Amino acid sequence: MTDLALGLETWYAHLVYVLLVAIGLFVLINDENLVKKVIGLNIFQTGVFLFFITSAYRVDGRAPLVTGSGPFVNPLPHVLILTAIVVGVAVTAVALTLVVRIYGEYGTLRDDVIRKIRDDEAGPAATDREGAS
Amino acid sequence: MIDHLLPLLVAAPLLASALPLFVAVRSRWLARWLTVTALVGQFALAAVLAWVVYATGSVSYVVGSIPAAFGIGLFADRLTATLGLLVASGALAALLTDDGSRSGPEYALWLLFVAGLSGVVVTADVFNLYVFLEISGLAAYAMVASARGVDPALAALKYLLVGTVGATLYLLGVGYAFVATGTLAVADLAPGLAAAGHDSTLVVTAFVLMVLGLSVKLALFPLHAWKPDAYAAARPTVATVLAALGSTVAGYALVRIVYDAFTVAFFEAVPALRILLVVAGATSVVAGGLLALRARDVRRLLAYSSVSQFGLFGLGVALATPLSVTGALVVLIGHAVAKGGLFVAVGSVARRHDATVVEDYAGLGDREPLTAAAVAVLGVSLVGLPPTVGFAGKWYLALGAIEAGSWLVATVVLASTMLSLAYVGRLVERCYRGGADAASPARLSTDGGRVRAIAPVIVVGAAVLIVALGLGSSALAAWFEPVVEGWL
C-alpha cells in the first residue's frame, strides 16, 4: 500500500517524528515539573501521530473525495489519528486534573520537592515504600 | 440477539455507564443496583457467548456489514469467552464487596472499565485494541484517583504517565505494522506480515514496539513501578479489579498479537526476539519475587507477586510450545482468580482490623479463620502447589520448558516456586503463628455491614474456584486446546 520510494519524499517528516518522540520522552522523564511532564507526554504522542499521517502521504495525492479524481492520499491514517487525538485529549484532561489536586495539597508542581516533603513527613516509615519511586 | 452478541458485550456496559451518572443524583442505592444489574447482564452475555463458542466454534462479527479489512471486526474463540466471563464476574464480585457509598461517576467508571476490557477481549483490529486499552486505562487512572487524599492522586498520575507511554508505544508499533501491510485487521495482518517478510526491519520494529507497549500494561520488570503504588493507594475494591483484570487483559492482548498477528513463524524467523522475551520473563519472575520478599505492605507484596506471575506468563508465551502456551493461559486465569480473591481479603482485613502491613496479620487465623484459610489457599496457588490451579499452570510451563529443551526456563519456574513460597509463607505464617503478640482485639469496621457479610463469601468462593480449577486443570487445558492448536 505504501511505496518504499516515498521514504525519500518524506524523510524530513520522519526526522521530525523521531525528534518529537525523543524530545517528548526526554521531557517526560527528565523534567521535575509535573505540568511539563504532561506536555512532554503530549509532544511524544504528537510525534507518533505525525508518523501515522506521514504514512498516508503519496506523491501528488489529493484529498480523497468521491467527486474528485485520483491519486488520493490514504484517508485511513487520518481517521485513526483523529480518534487517537481524542484519546490524547482525554488523557491530558485526567492528567491535569490530578496535577491540580496534587498542587492543591503540596503547593508545588515540582516532583523532587513533593518527594522531599513526603520523605520528611513519612520519617522512619519511609522504608515502607522500599525506596521504589 | 445471539447474532449481535459480540458488539453487545462492549456496547451494553458502555451505554449502561451513562445511567448511574444521572440516577445517582436522586438515589445512590439505585445507581449501585443499576450497576450490579448491568454487570449481571454482562455476565449473562459472556456466558451465552461461551456456550455459543463451545457449541459452534469461534465467532466473527463485522459491525455494519462493512468488510473487516476496512470496517470494525470482532472475534471470539474459547479464550475470548473465558476472558469475557472473567471480566464480568471479577468486576461484579469486586463491586459486591464495596460498602455502597460510591458516587455516580465512580459507578460509571466501573462500567467504562468493564466496557474497555471487554472491547480489548473481543476486538479483531489492532487499532481498536489501542482505543479500548486506553478506555480501560483512563477509567483505571480515574478509579485509582477516586480514593481520598493525595497519595491516590500521585499514584494515579504516575500510573497515567507510564500507562500512556506504554499505550502510545503500542500505537507506534501498530503504525509500523500498518505501513508494512496496509491493514489493521488481525486476520489480515498474519498473511500481510508474512508477505512483508518476518525478518524485515519494519515487521521487527512493529513487534518490538507492540510487545514493549503491552509489557508496560503487564508490568513486566523493569516497567512495573506503577503497579505497587497504584494498588496500595487505590480503594480496596478498585485494587481488586485492577489486580484481577487489568494486567490479565493486557496479557490476553499480548498473546493475541503474538500468535494471531505475528504467528509462531515470526519467532522462527527472528529467534533473537524470542530469546529476549524469555529473558524479560525470567528477569520479571526473579525480580518480582525478590521485591515481594522485601515488601512490608501486603498490597505491595501482592503487586510484586503479580510482576513475578506475569513473568511466568511471558515465559510460557515466548517458549512457543503447545504445553508452555497452555501453561501460560492457565497461569493467566489462575493468577486473576487468586489475586482478585486475595485483594478482596486484604480490603476486608484493612477495613475491619486496620491492618495493611504483613506484621498486622498476626493472629488473623484466630480472629477470622475462614478468611485466613482462604488466603492460605489462594497463596498456595501463587506458590504453585497442588491441588491448586497455580500448580497446574507451573506444571504445564515446566513440561513445556523441558519439551523445548530449555533447562534454564525450567530452572526459573522451579526457582519462582521457592521465591513465592518464601513471600507467601511470610504472610501465611503471620496469620497462623503470630497470634501470641496480637493482643489487640479485632477492631470492628465503622462502615456498612454489607462489607462484612459478603467479602468473606467471595474470598472463600475464589479459594474454592482455585481448587476446582486445579482439580479440573486437565479439563481447562482441554478447553484451551483448540485455541492453542490453532496457533502452533
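Chain A is the first sequence line, chain B the second, and so forth, proteins listed ahead of strands; every chain is numbered from 1. Just so it is clear, the structure is predicted and the values come from calculations on it, not from any experiment.
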Pairwise distance [atom1]([X]) to [atom2]([Y]) - rounded to 0.5 angstrom:
{"X": "A:Thr83", "Y": "B:Phe127", "atom1": "OG1", "atom2": "CZ", "answer": "4.5 Å"}
{"X": "B:Glu134", "Y": "B:Thr168", "atom1": "CD", "atom2": "OG1", "answer": "6.0 Å"}
{"X": "B:Ser215", "Y": "B:Phe221", "atom1": "OG", "atom2": "CZ", "answer": "13.5 Å"}

| message | If I measure from the heavy atoms of chain B, does A:Ile102 come under 4.5 Å with its side chain, its backbone, both, or neither? | response | both

| Using non-hydrogen atoms only, which part of A:Leu41 is less than 4.5 Å away from chain B: side chain, backbone, both, or neither? |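 The side chain, not the backbone.
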
| Geometric class of the B:Tyr159/B:Trp226 ring pair [parallel <30°, tilted 30-60°, perpendicular >60°] |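 Taking B:Tyr159 first and then B:Trp226, their aromatic rings lie parallel (interplane angle under 30°).
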
| said: Just so I understand: if I count every heavy-atom pair under 4.5 Å between each of A:Leu80, A:Val48, A:Val87, A:Val99 and chain B, which residue has the most? | reply: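 Of the candidates given, the most pairs with chain B belong to A:Leu80.
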
| task | Go through the atoms of B:Tyr130 and report whether side chain, backbone, both or neither lie under 4.5 Å from a heavy atom of chain A. | result |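 Just the side chain, heavy atoms under 4.5 Å.
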
| request: Heavy-atom distances under 4.5 Å only: say whether B:Leu171 touches chain A with side chain, backbone, both or neither. | output: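 Both the backbone and the side chain of B:Leu171 come within 4.5 Å of chain A.
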
| task | Considering only heavy atoms and a distance below 4.5 Å, find which of B:Leu154, B:Leu161, B:Val174 pairs most often with chain A. | result |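 Top count of heavy-atom pairs under 4.5 Å with chain A: B:Leu154.
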
| Do you know which of B:Thr164, B:Asn128, B:Leu169 has the most heavy-atom pairs under 4.5 Å to chain A? | B:Thr164

| field | Option from B:His224, B:Lys217, B:Lys227 for which side chain to side chain donor-acceptor pair (under 3.5 Å) with B:Ser247 holds | value |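 Option passing the side chain to side chain donor-acceptor pair (under 3.5 Å) with B:Ser247: B:Lys227.
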
| task | Verify the ring-centre separation between A:Phe51 and B:Tyr176: is it less than 6.0 angstrom? | result | yes

